A.B. asks: 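Pasting a structure here, questions to come.
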Amino acid sequence: AEKRSIGLILAVALFQMGATLLNTNNPSRNIFSFFMGFAPVILLPCLFLLVPPLEPRALDRLEKIGAVMMIFWAMIVLSQNLWGWKISGVSLVTGEHFRRSQGFYSHPLTLAYVALMLWPFHLVLLCGDLRKKSRYLAVIGNLALFYFSASRTAQAVALLGAMGYLLYR
């Protein structure tokens with residue numbers, strides 16, 4: 001089941017990378033930028049296959065690191081929303097019209113799609129043990145990605161997915 005889940009995550013990530021690269025409306029087609037943006041989504045599941053089963057203490061530490069990363073990511077998109085900046089190639093571009101956060105991706109919707117891919121994972125982790133603060137931080141960070149990407153569709157899908165999970169689990 002784990003290999004099937006990881007394969008599905010990889011397929012979705014690769015499909016999104018291909019679709020973004022082939023999109024004629026995409027202003028930046030830098031393959032390195034796309035790879036760096038999607039690398040965590042592709043590489044982390046693969047690394048989990050290589051790791052032997054972890055002890056609960058090591059899993060807790062891994063969850064805390066993930067939560068810190070999500071909060072850091074949330075601070076990046078918050079700063080983009082407040083000060084209007086983005087990375088274009090190797091340059092930092094600023095302006096009022098960059099207030100819709102996109103993280104280090106080429107478009108705000110790409111950020112929203114990656115947040116959407118992480119959402120079920122964070123939600124299931126949180127519901128598994130409501131006492132762990134790191135899981136709340138990961139969910140809050142994920143919600144910040146949804147909010148600052150300003151993708152109403154991704155926000156609606158996340159809400160429907162959460163409602164469905166909470167009603168039928």
Side-chain angles (χ1 to χ4, degrees), residues 1-20 22-23 34 37-82 99-169:
E2 285 180 5
K3 288 183 181 183
R4 193 174 303 146
S5 299
I6 291 172
L8 182 60
I9 290 171
L10 289 174
V12 170
L14 291 172
F15 177 77
Q16 286 182 348
M17 283 178 70
T20 304
L22 295 174
N23 183 356
F34 293 126
F38 283 103
V41 178
I42 293 172
L43 295 177
L44 286 177
C46 293
L47 291 175
F48 278 113
L49 289 175
L50 301 174
V51 175
L54 298 174
E55 298 175 14
R57 190 170 166 197
L59 270 175
D60 285 343
R61 190 167 40 186
L62 186 62
E63 281 182 26
K64 288 176 184 173
I65 291 169
V68 167
M69 289 172 53
M70 286 303 297
I71 292 301
F72 178 71
W73 203 359
M75 289 190 302
I76 288 170
V77 298
L78 172 65
S79 72
Q80 285 179 322
N81 183 266
L82 293 175
R99 293 215 184 255
R100 186 173 174 201
S101 301
Q102 63 190 47
F104 298 118
Y105 298 106
S106 62
H107 194 274
L109 287 177
T110 310
L111 173 67
Y113 298 153
V114 172
L116 202 52
M117 289 174 63
L118 294 171
W119 178 241
F121 176 71
H122 291 141
L123 185 65
V124 169
L125 272 180
L126 177 65
C127 292
D129 187 353
L130 295 172
R131 294 171 291 151
K132 293 189 176 183
K133 292 179 180 99
S134 62
R135 294 180 179 187
Y136 284 98
L137 290 175
V139 167
I140 290 167
N142 209 147
L143 289 171
L145 299 184
F146 282 127
Y147 180 77
F148 292 115
S149 74
S151 171
R152 294 182 302 265
T153 302
Q155 293 166 357
V157 169
L159 179 63
L160 289 173
M163 288 174 34
Y165 176 74
L166 295 174
L167 289 174
Y168 295 107
R169 71 178 179 118

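On a predicted model such as this, the values are computed, not experimentally measured, just so you know.
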A.B. asks: Of all the heavy-atom pairs spanning Ala67 and Ala138, show the shortest one and how long it is.
C.D. replies: CB-N, 4.1 Å
A.B. asks: Checking Leu166 now: which residues fulfil side chain to side chain contact (heavy atoms under 4.5 Å, CB included) with it, not counting sequence neighbours?
C.D. replies: Cys127, Arg169
A.B. asks: Apply side-chain contact (heavy atoms from CB on, under 4.5 Å) to residues Leu145 and Leu111 and explain how you reach the verdict.
C.D. replies: CA-CA 7 Å; Leu145 299 184; Leu111 173 67; 4.0 Å; yes
A.B. asks: Would you mind listing every salt bridge (Lys or Arg N to Asp or Glu O under 4.0 Å) that reaches into residues 144-163, with sequence neighbours excluded?
C.D. replies: none
A.B. asks: Under the side-chain contact (heavy atoms from CB on, under 4.5 Å) criterion, do Leu118 and Met70 qualify, and how do the steps go?
C.D. replies: CA-CA 10 Å; Leu118 294 171; Met70 286 303 297; 4.1 Å; yes
A.B. asks: Measuring from atom CG of Leu116 to atom CG of Leu109, what distance do you get when rounded to the nearest 0.5 angstrom?
C.D. replies: 11.0 Å
A.B. asks: Which heavy atom of Pro108 sits nearest to which heavy atom of Ser101, and what is that distance?
C.D. replies: CB-O, 3.3 Å
A.B. asks: Ignoring hydrogens and angles, write down the donor-acceptor pairs under 3.5 Å from the side chains of residues 50-58, residues two or more places apart or on other chains.
C.D. replies:
none

A.B. asks: Distance check, rounded to the nearest 0.5 Å: Leu126 atom CG versus Ile140 atom CD1?
C.D. replies: 9.0 Å
A.B. asks: Who pairs with Glu63 by side chain to side chain donor-acceptor pair (under 3.5 Å), at least two apart in sequence or on another chain?
C.D. replies: Arg135
A.B. asks: List in chain and number order the residues that pass side chain to side chain contact (heavy atoms under 4.5 Å, CB included) with Tyr168, two or more places apart in sequence or in another chain; answer none if no residue qualifies.
C.D. replies: none
A.B. asks: Quick one: side chain to side chain donor-acceptor pair (under 3.5 Å) partners of Arg100, sequence neighbours excluded?
C.D. replies: none
A.B. asks: Looking at Leu123 and Val139, what are the two nearest heavy atoms and their distance?
C.D. replies: N-CG2, 4.4 Å
A.B. asks: Listing request: all salt bridge (Lys or Arg N to Asp or Glu O under 4.0 Å) pairs with a residue in residues 118-129, at least two apart in sequence or in separate chains.
C.D. replies: Asp129-Arg131
A.B. asks: Can you name the residues that form a side chain to side chain donor-acceptor pair (under 3.5 Å) with Ser79, not counting sequence neighbours?
C.D. replies: Trp85
A.B. asks: Would you compute the distance between atom OH of Tyr113 and atom OG of Ser151 and round it to the nearest 0.5 angstrom?
C.D. replies: 6.0 Å
A.B. asks: I'd like to check the salt bridge (Lys or Arg N to Asp or Glu O under 4.0 Å) partners of Arg61; sequence neighbours left out, ordered by chain and number.
C.D. replies: none
A.B. asks: For Lys132, give me all partners under salt bridge (Lys or Arg N to Asp or Glu O under 4.0 Å), at least two apart in sequence or on another chain.
C.D. replies: Asp60
A.B. asks: Per the ring pair (Phe, Tyr, Trp, His ring centres under 6.0 Å) rule, what does the pair list look like for residues 115-161, sequence neighbours excluded?
C.D. replies: Trp119-Phe146
A.B. asks: Give me each pair satisfying salt bridge (Lys or Arg N to Asp or Glu O under 4.0 Å) with a member in residues 101-114, each pair once, sequence neighbours excluded.
C.D. replies: none
